[in-house]
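Nothing here was measured: the structure is a model prediction, and the numbers come from that model. Atoms within a ligand are numbered from 1 in the order they appear, just like the ligands themselves. The figures that follow rest on heavy atoms only: side chains count, while hydrogens, waters and symmetry mates do not.
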Amino acid sequence: MALISLLPKLAVAVVALLVTRRVYWELTTGARRRAFAKQHGCLAAKKEPGNPFGFGLDILMADIKAIKNHNLLPRWHKILLDAGDAHMVYFSFRGKKIFFTDSPEILKTVLATKFDTYSIGEERIKMLTPLVGKGIFTTDGAPWKHSRGLLRPCFERSQVADVTLLEKHVRKLIEVIPKDGSTIDMQPIFHDLTMDIATEFLFGRSTNMLEREGKDPEAEEFKAAFEYCMNPFEGELYTKWGWLAIFLPDKQLKRSAKIIQAFAGKIIDAEIAFRGDKAPPSPDRYILLQELLSLDMPREQVRSELLQILLAGRDTTASLLSNLLFELPRHPAILSRLRAEIAEYVGDSTPTFEQLKNMKYLQAVMNESQRLYPVVPSNSREAIEDTVIPLGGGPDAKAPVFVPKGSMIAWHTWSLHRREDIYGADSASFNPSRWLDNENPDGPLRPGWGYLPFNGGPRVCIGQQFALTEVAYVLVRLLQGVGEVESRDPEEWREKLTFVCRGLGGCKVSFTEKGSA
Ligand code: HEM
């Protein structure tokens with residue numbers, strides 16, 4: 001009873017405390033922020049999607065529903081289209097402001113001009129570190145620079161231009177695919193291929209997933225665990241609990257992380273057993289694992305660096321290949337022009353790095369696939385201090401906008417790549433010719449920060465040239481190795497969001513024997 005009589009006093013005290021805190025905040029941080037915003041000519045950003053009283057939860061729920069329905073990318077595309085010339089909207093979630101944009105100017109600021117003002121963000125670090133440890137993908141500042149420095153030699157031109165490593169895997173690929181006109185989904189096959197190539201490139205030894213006989217059960221277990229980590233949304237937890245699953249501990253994810261780490265650990269052990277601890281690296285080729293082992297690095301860190309790069313490189317390249325092969329047979333004129341270019345430049349021979357670079361139509365086809373189906377369709381950074389983005393504020397959205405420390409800038413590469421003011425009225429169609437200087441009716445296309453499949457600035461994808469060489473090589477050799485290619489999927493491309501973005505229906509096609517056409 002006595003306690004109940006104290007409640008009103010307690011409530012008054014709590015309210016007084018909150019008000020005092022708020023007043024103090026307004027007089028200190030708030031005043032400093034207002035002065036900062038004024039000094040930079042900032043005006044308020046206007047658009048806000050969702051319910052003003054939804055605290056961002058309504059947006060989260062709508063996003064989770066859209067992920068399930070495989071239409072998150074069109075959902076945000078529409079929100080940004082509705083924002084018109086602002087090319088930016090914002091909302092608040094758990095006390096943080098989230099700015100969502102498809103503006104090249106804002107992206108250039110965040111990714112390059114004010115690079116040091118942003119972090120990859122707490123969420124990414126919290127999510128990925130238990131899985132792949134600390135390394136290039138999960139750190140900022142000095143540790144990130146150190147990791148990037150370690151990895152850089154792996155991707156120097158001499159390394160990337162050596163296409164001999166690719167040939168044996170592509171031969172295997174052509175050997176395993178049926179050429180009798182039957183339907184085959186190439187998406188999982190491309191995942192096996194890119195795993196085999198990446199492990200040989202990075203570890204010096206391939207997982208040989210494309211081998212159809214005598215499969216290594218440990219490699220298979222690793223593959224399944226890796227798949228789960230890339231796509232937990234299809235696991236038991238999400239199936240059972242729906243969106244509530246994001247608040248629940250994911251045991252399968254933990255188990256999968258252990259399997260992945262144990263597998264990488266075994267590769268390291270095998271390498272040490274084979275070559276000896278700290279043996280000098282191979283003189284012929286920069287093999288990351290050998291280089292890292294020759295340094296005095298803790299084994300755990302070697303494992304993290306390897307896993308990070310596998311995480312970044314495997315599914316991305318496989319998605320590009322399968323998105324590309326999904327589109328090509330739907331456009332017979334584009335496919336035959338590509339085949340004509342291959343015949344002109346290389347005939348039936350294996351292409352060199354230089355030849356691949358010089359094949360302008362091949363490059364245009366790859367650009368166009370990445371434009372329409374960016375494998376990393378959305379991304380974000382977190383402001384680590386109060387800062388400013390150059391556009392989006394005021395009635396005409398041309399004034400700078402104040403970005404408080406802790407806010408997220410999220411960008412939608414998917415929308416950016418579909419902007420009609422950059423790509424023209426046909427921006428939604430697959431038209432590689434737009435990338436050819438003399439064939440684009442609006443003149444040479446130079447999208448700059450309007451084309452970001454690999455990001456930009458100091459954190460631009462380190463594996464970009466390797467990935468593009470791999471995809472070009474595989475595509476050329478595949479088309480040289482088969483007869484007719486037909487699409488066997490009546491559906492349009494739809495998204496499947498995993499760690500990256502894949503086509504929901506895979507890549508169903510058919511091939512005939514070479515010379516049978
Ligand atoms: C089509 C294939 C690929 C695409 C579309 C792609 C895309 C990207 C993007 C958008 C980022 C920036 C992520 C961010 O900063 O938030 C990135 C970073 C990165 N990528 Fe790629 N990537 C591809 C292939 C590869 C390959 C083959 C490798 C290595 C074998 C690789 C290694 C990396 C690494 C290590 C980073 C982190 C760079 C850093 O933070 O400094 N990527 N990639």
ask   = Is a donor on one side and an acceptor on the other found under 3.5 Å between the side chain of E271 and the backbone of L289?
value = no
task = Output the list of atoms in ligand 1 that are nearer than 4.0 Å to some heavy atom of P453, sorted by atom number.
result = 5 (C), 7 (C), 10 (C)
remark   = Here the atoms of ligand 1 under 4.0 Å from any heavy atom belonging to A467 are 2 (C), 24 (C), 27 (C)
message = Under 4.0 Å between a side-chain nitrogen and a carboxylate oxygen: does that hold for R434 and D426?
response = yes
inquiry  = Please list, in number order, the atoms of ligand 1 under 4.0 Å from a heavy atom of N379.
reply    = 13 (C), 14 (C), 16 (O)
key: Where ligand 1 meets W144 - atom numbers and elements under 4.0 angstrom, heavy-atom basis   = 39 (C), 40 (O), 41 (O)
query = Are there more than 12 heavy atoms of other residues, nucleotides or ligands under 6.0 Å from atom CD of E439?
reply = yes
request  = Specify whether F155 and F201 have parallel, tilted or perpendicular ring planes, treating 30° as the upper limit for parallel and 60° as the lower limit for perpendicular.
outcome  = tilted
request  = Identify, by atom number and element, the atoms of ligand 1 in contact range of F466, meaning under 4.0 Å from any of its heavy atoms.
outcome  = 27 (C)
query = S415 and side chain to side chain donor-acceptor pair (under 3.5 Å): which partner among K78, H87, H77?
reply = H77
key: R459 NZ/CZ over F137 ring centroid, <6.0 Å and within 45° of normal   = no
Which pairs of donor and acceptor atoms, one on a side chain in residues 186-193, lie under 3.5 Å apart (sequence neighbours left out)?
unit_1	atom_1	unit_2	atom_2	d
Q187	NE2	G503	O	3.0
H191	ND1	Q187	O	2.9
D192	OD1	K223	NZ	2.9

ask   = So, is R124 polar-close to ligand 1, with some N/O to N/O distance under 3.5 Å?
value = yes
ask   = Against heavy atoms of Q370, which atoms of ligand 1 measure under 4.0 Å?
value = 5 (C)
key: Numbered atoms of ligand 1 (with element) below 4.0 Å of L320, judged on heavy atoms   = 1 (C)
ask   = Quick one: which ligand 1 atoms are inside 4.0 Å of a heavy atom on F137?
value = 18 (C), 19 (C), 36 (C), 37 (C)
